[in-house]
Amino acid sequence: MKHLWKSLQMVCQCDRGSFWRRALYVLLGSLLPLANLFLLKQLVDAVSAGEGAFLPWLLAMCGVFLLQRVVSILDGVNSDVLSQRLIDHVNQAIQTQAARLDMAYYDNPSYHDTLHRAQQEASSRPVQVFSSIMSLFASAVTIVGIVVILASASWWVLPVMFVAVVPSFVVRLSKSRIVYRFRRQNTPLFRLSSYLAAVLTRREYAKELRAFRAESFFRSRYTRTRSRLTSRIVAISRRLGAYSLLCAVVEAAAMLLVVALLAARTASGIFSVGTFVMLFEAFRRGLGALTSLVASLSSLYDNRLFLSNLFEYLSLEPTVVSPPDPIPVPSDISSIQFCDVVFRYPGMERDVLSHFNFTARRGEITPLEGHNGIGKSTVINLLLRFYDPQQGRILLNGTDIRRFDLHSLRASMSVLFQDFGRYFITVDENITLSDRPHTSRIADPLLDFVPSLPKGYDSTLGRLFDQGSELSMGQWQRLAIARALDRPTPLLLLDEPTAWLDTATRQTFHNILEKEKTNRIIILITHR
């Protein structure tokens, strides 16, 4: 129940006004049909008696019908607003959570399963929970009114009506458990099919797929994966469909019994025609309300299971965090030291760094050279505290970096990653990763291609969106270098910064570094 309660709180928090308006519309929507039943009886009796006073009853029925339509329209608009607000609210919660978790989670396949399940439920489950609760409330109000109507004339109809929906309730609960268990157990397969679909449709893979004629290989893998999932889904659906068919037969038999008995009493003069119509409609609507109640209860049970995926993800906690009493990061940083550092990535069986020692000082360009996989990029990951070493210490001006506030520590460093990001936003936004225009002119010699773009620094990059300009990999890397140089931080970390640069541009870049090393600690990772 705690997940249902947390889900309701989430809905209310995202838009309180829409939340309470929805409750009001649902209440009105469940009371108005009961009023219509009474008016229907009066109208039929007036018509059957040949009275000329049926017009007021007819107008009243039309008025109630119009009011129902108005409430339904208002509820529909309000529900759309609330649903969109809730989708945004939940997605922001997931994105915020992703940003606060440390990089070790990304090395764990079970984390990606958890994230996938949370993302699958983010856009629908909280909305469905709220809708189910509102539907449950509406059905309960309708059933109470129906019970009063039926009990006053034919109480024996009530047990028939309630017993008729019991099989449906059992089947729906079973379906919820089976579907939840299936989706949880097969999350890796669902993720694999999503990945293969992305390979077949995204731009970064398109060239190699065509050049190596590999489309059929990935399509075949995708088809086999989807076939495994589809066959299991179809088997579950067929079995549950057979059970649902039996439930429908039971409900139809109950309706046949009730209608036959009501018709017999009407024929014998016990009930008027209007009373027969009212009781028949009351039974039919009561059965529908009970079916809706059962659907709402099973939906709540279903959503409670699936909501556990969302809240399981939101409950994850980072392992690399700031200390309880952090000390300020020095404004004047003169040295970085790795002292006997031992580190291995989560899930790996060997150390990437084994008793590693290293010192970098301000005023120098400190190179890290070596073959692939020796751990050069890992040095940057440890400096930024994406991970913490298993042994040893990393010192900044002689102080262990774990004593500093995590965000302040990272704010003291500017970095160019080997797998730098290519963002399909404007040039300025690529450099600053914010709304502000870049003000540093340090990297201008590397950006001599920008004035030739359609809107200069305001040009959108990439071909994903309209009017975007594509760049070469060398130009993208120049932008990434400008991004690192734009922040006047005391530490500058550069991982293979010249891999895509031509000889002249590489020399220009090194000239810039020679000027920058006076006021910075520069760590340069390279194969050369």
Side-chain angles (χ1 to χ4, degrees), residues 99-107 318-323 326-346 348 351-370 372-421 433 480-481 483-499 513 516-527:
R100 66 186 287 268
L101 296 177
D102 44 70
M103 294 298 296
Y105 279 102
Y106 290 86
D107 299 320
T319 56
V320 177
V321 295
S322 300
I327 62 176
V329 176
S331 56
D332 183 21
I333 300 176
S334 58
S335 68
I336 285 286
Q337 290 176 280
F338 279 64
C339 302
D340 206 33
V341 168
V342 175
F343 175 75
R344 70 174 58 181
Y345 286 102
M348 290 186 63
D351 294 335
V352 178
L353 297 176
S354 181
H355 303 286
F356 176 73
N357 293 279
F358 169 76
T359 301
R361 297 182 178 84
R362 185 176 59 206
E364 302 174 355
I365 298 175
T366 306
L368 276 177
E369 299 175 354
N372 293 331
I374 201 172
K376 302 184 300 298
S377 298
T378 299
V379 170
I380 289 181
N381 290 336
L382 294 176
L383 273 172
L384 288 161
R385 284 201 71 199
F386 291 157
Y387 307 86
D388 282 335
Q390 281 79 29
Q391 295 179 37
R393 298 191 302 161
I394 302 172
L395 307 179
L396 187 153
N397 281 9
T399 301
D400 194 314
I401 62 172
R402 285 173 285 202
R403 297 191 60 192
F404 301 120
D405 174 75
L406 188 60
H407 299 296
S408 299
L409 175 70
R410 291 173 181 170
S412 69
M413 306 181 194
S414 193
V415 60
L416 167 67
F417 294 104
Q418 186 174 6
D419 52 347
F420 55 85
L433 295 183
I481 293 170
R483 186 183 307 141
L485 293 173
D486 185 66
R487 300 172 64 197
T489 57
L491 277 74
L492 182 60
L493 315 174
L494 305 169
D495 191 353
E496 284 297 326
T498 62
L513 288 191
E516 287 295 301
K517 73 179 183 181
T518 305
N519 300 312
R520 301 193 195 216
I521 297 174
I522 299 178
I523 297 177
L524 179 64
I525 293 175
T526 180
H527 293 123

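For reference, positions follow the sequence shown, starting with 1. These values consider heavy atoms only, across backbone and side chains, with no hydrogens, waters or symmetry-generated copies.
Remark: of the listed residues Ile394, Asp388, Leu409, Asp388 is the sole one forming a side-chain contact (heavy atoms from CB on, under 4.5 Å) with Arg402. Considering Leu492, Leu491, Ile521, Ile523 in turn, Leu491 is the only one that fulfils the side-chain contact (heavy atoms from CB on, under 4.5 Å) rule with Met413. Here the rule is side-chain contact (heavy atoms from CB on, under 4.5 Å) with Leu368, and of Val379, Thr526, Leu524 only Val379 fits it.
Considering CD1 of Ile327 and CG of Asp400, their distance stands at 9.0 Å, rounded to 0.5 Å. Distance check: Ile380 CD1 to Ile525 CD1 gives 3.5 Å after rounding to the nearest 0.5 Å. Rounding to the nearest 0.5 angstrom, the gap separating the CG atom in Leu383 from the CD1 atom in Ile336 is 5.5 Å. For the atom pair CG of Asp332 and CZ of Arg362, the computed distance is 4.0 Å after rounding to the nearest 0.5 Å. Expressed to the nearest 0.5 Å, how far CG of Leu395 lies from CZ of Arg403 amounts to 11.0 Å. From Leu353, atom CG reaches atom OH of Tyr345 across 7.5 Å, with rounding to the nearest 0.5 Å.
Asp102 places a side-chain N or O within 3.5 Å of a backbone atom of Thr319 that can act as its donor or acceptor partner. Between the Ser414 side chain and the Thr489 main chain, no donor and acceptor come within less than 3.5 Å of each other. Formation of a donor-acceptor pair under 3.5 Å by the Asn397 side chain with backbone atoms of Ser335 is found in this model. A donor-acceptor pair is defined here as one N or O able to donate and one able to accept, closer than 3.5 Å; no such pair exists between the side chain of Arg344 and the backbone of Ser354.
Ring geometry, Phe356 versus Phe358: the interplanar angle falls under 30°, so the pair is classed parallel (tilted spans 30 to 60°).
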Going through the distances and angles, do Ile401 and Arg385 end up as a side chain to side chain contact (heavy atoms under 4.5 Å, CB included)? CA-CA 8 Å; Ile401 62 172; Arg385 284 201 71 199; 3.6 Å; yes
Checking Arg410 against Phe386 for the side chain to side chain contact (heavy atoms under 4.5 Å, CB included) test, could you report, in this order, the C-alpha distance in whole Å, the side-chain angles of both residues, the deciding distance, and whether it holds? CA-CA 10 Å; Arg410 291 173 181 170; Phe386 291 157; 3.7 Å; yes
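Take Asp340 and apply the side chain to side chain donor-acceptor pair (under 3.5 Å) test, not counting sequence neighbours, and it matches His355.
At a cut-off of 3.5 Å, with distance as the only test, no side-chain donor of Thr378 or Tyr387 sits close to an acceptor on the other residue.
Between Leu382 and Pro389, the shortest heavy-atom contact is CD2-N, 4.1 Å. Contact record, Lys376 with Ile374: CG-CG2, 3.5 Å, taken as the closest heavy-atom pair. Contact detail for Pro490 and Ser412: the closest heavy-atom pair is CD-O, 3.2 Å. The two atoms that bring Pro488 and Arg520 nearest to each other are CA-NH2, 3.9 Å, heavy atoms only. Here the closest non-hydrogen pair linking Pro346 and Asp107 is CD-OD2, 3.8 Å.
Within the 4.5 Å cutoff, the side chain of Pro330 has heavy atoms near those of the Phe404 side chain.
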